[in-house]
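Quick notes on the structure that follows.
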Amino acid sequence: MTLMITAQTQSLHSIEKLKELSGQSVKVCMQCATCTGMCPMAQEMDFSPRMVMHMAQFGLIEKLAGINTYWKCASCHACSVKCPRGIDIAKVMEALRQQALRKSHNYIEPSELSPELIAEMPQIALVAAFRKFTS
Ligand code: SF4
Ligand code: SF4
């Protein structure tokens with residue numbers, strides 16, 4: 001019983017934290033999957049945007065910790081403009097990235113990039129990647 005209450009409290013805290021960071025209420029999502037249909041990156045994602053929203057609704061943020069969905073999100077807002085519930089899903093993805101980065105879960109490690117890759121990549125792309133993928 002105590003464990004169940006603790007889990008429920010953690011879920012509510014996760015949902016509130018996500019709302020605070022994104023300004024969006026994932027609870028109003030009706031699971032229509034329009035976001036997934038609009039997403040140009042969906043094929044590259046472990047979980048579709050709809051699935052991420054579903055897990056976020058239940059406060060299962062920890063279960064989203066190891067997936068690539070919010071890292072692969074290109075912040076194009078195609079999902080956000082079509083969501084029938086008016087959820088800015090791109091902001092939710094950004095909030096999930098922020099939560100991971102605050103726990104020092106970098107998606108890329110600059111020190112592990114090869115000198116050859118660094119020499120080949122446009123500098124502006126490197127800077128943009130470091131801003132998005134590192135804490
Ligand atoms: S488009 Fe909006 S309502 Fe539909 S699944 Fe995605 S987030 Fe939920
Ligand atoms: S903002 Fe992200 S999740 Fe939404 S359609 Fe674009 S790439 Fe997909």
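All ligand and atom numbering here is 1-based and tracks the order in the structure.
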Note: ligand 2 atoms sitting under 4.0 Å from heavy atoms of Ser75 are 1 (S), 2 (Fe)

A student checking ligand 2 against Ala74 at a 4.0 Å heavy-atom cut-off should list atoms 2 (Fe), 7 (S)

Salt bridge (Lys or Arg N to Asp or Glu O under 4.0 Å) between Lys17 and Glu20: does it pass, once the steps are laid out? CA-CA 5 Å; Lys17 191 71 189 166; Glu20 181 188 318; 3.6 Å; yes

Strictly by modelled atom types, are Asn106 and Ser135 linked by a side-chain donor-acceptor pair under 3.5 Å?
yes

Can you confirm whether Gln57 sits close enough to Gln31 that some side-chain heavy atom of one is under 4.5 Å from a side-chain heavy atom of the other? yes

_Quick check on the hydrophobic clustering: are Ile87 and Leu21 connected, directly or via other members, by side-chain heavy-atom contacts under 4.5 Å?_
no

**Message:** Classify the ring geometry of Phe133 against Tyr107: parallel below 30°, tilted from 30° to 60°, perpendicular beyond 60°.
**Reply:** tilted

*Does atom NZ of Lys132 have more than 12 heavy-atom neighbours, drawn from other residues, nucleotides or ligands, at distances under 6.0 Å?*
yes

If we number the atoms of ligand 2 from 1 as shown, the ones under 4.0 Å from a heavy atom of Ala90 are 1 (S)

If we number the atoms of ligand 1 from 1 as shown, the ones under 4.0 Å from a heavy atom of Pro84 are 1 (S)

dist Met41:CE -> Thr36:OG1 (nearest 0.5 Å) comes out at 13.5 Å

At under 4.0 Å between heavy atoms, what of Lys72 touches ligand 2? The answer is neither

Counting from 1 in the order shown, the ligand 2 atoms closer than 4.0 Å to a non-hydrogen atom of Cys39 are 3 (S), 5 (S), 7 (S), 8 (Fe)

Near atom 6 (Fe) of ligand 1, meaning under 2.8 Å, the protein N/O/S atoms are Cys35 SG

The answer for which part of Ala42 has a heavy atom under 4.0 Å from ligand 2 is neither

Handout entry: Cys73 near atom 8 (Fe) of ligand 2 via N/O/S, less than 2.8 Å
Key = no

A student checking ligand 2 against Pro40 at a 4.0 Å heavy-atom cut-off should list atoms 5 (S)

Quick note on ligand 2: atoms under 4.0 Å from a heavy atom of His77 include exactly 1 (S), 6 (Fe)

Query raised in the report: Should Ile67 and Met55 count as side-chain neighbours, where that means a heavy-atom distance under 4.5 Å?
Result: no

for atom 6 (Fe) of ligand 2, nearest protein heavy atom and its distance come out as Cys76 SG, 2.3 Å

Do other residues, nucleotides or ligands put more than 12 heavy atoms under 6.0 Å from Leu117 CG?
yes

*asked:* Is it the case that atom CD in Glu109 sees more than 12 heavy atoms from other parts of the structure closer than 6.0 Å?
replied: yes

Would you give me the side-chain donor-acceptor pairs under 3.5 Å for residues 74-84, sequence neighbours excluded?
from	atom 1	to	atom 2	distance (Å)
Ser75	OG	Arg97	NH2	3.3
Ser80	OG	Asp88	OD1	2.7
Ser80	OG	Ile89	N	3.2
Ser80	OG	Ala90	N	3.2

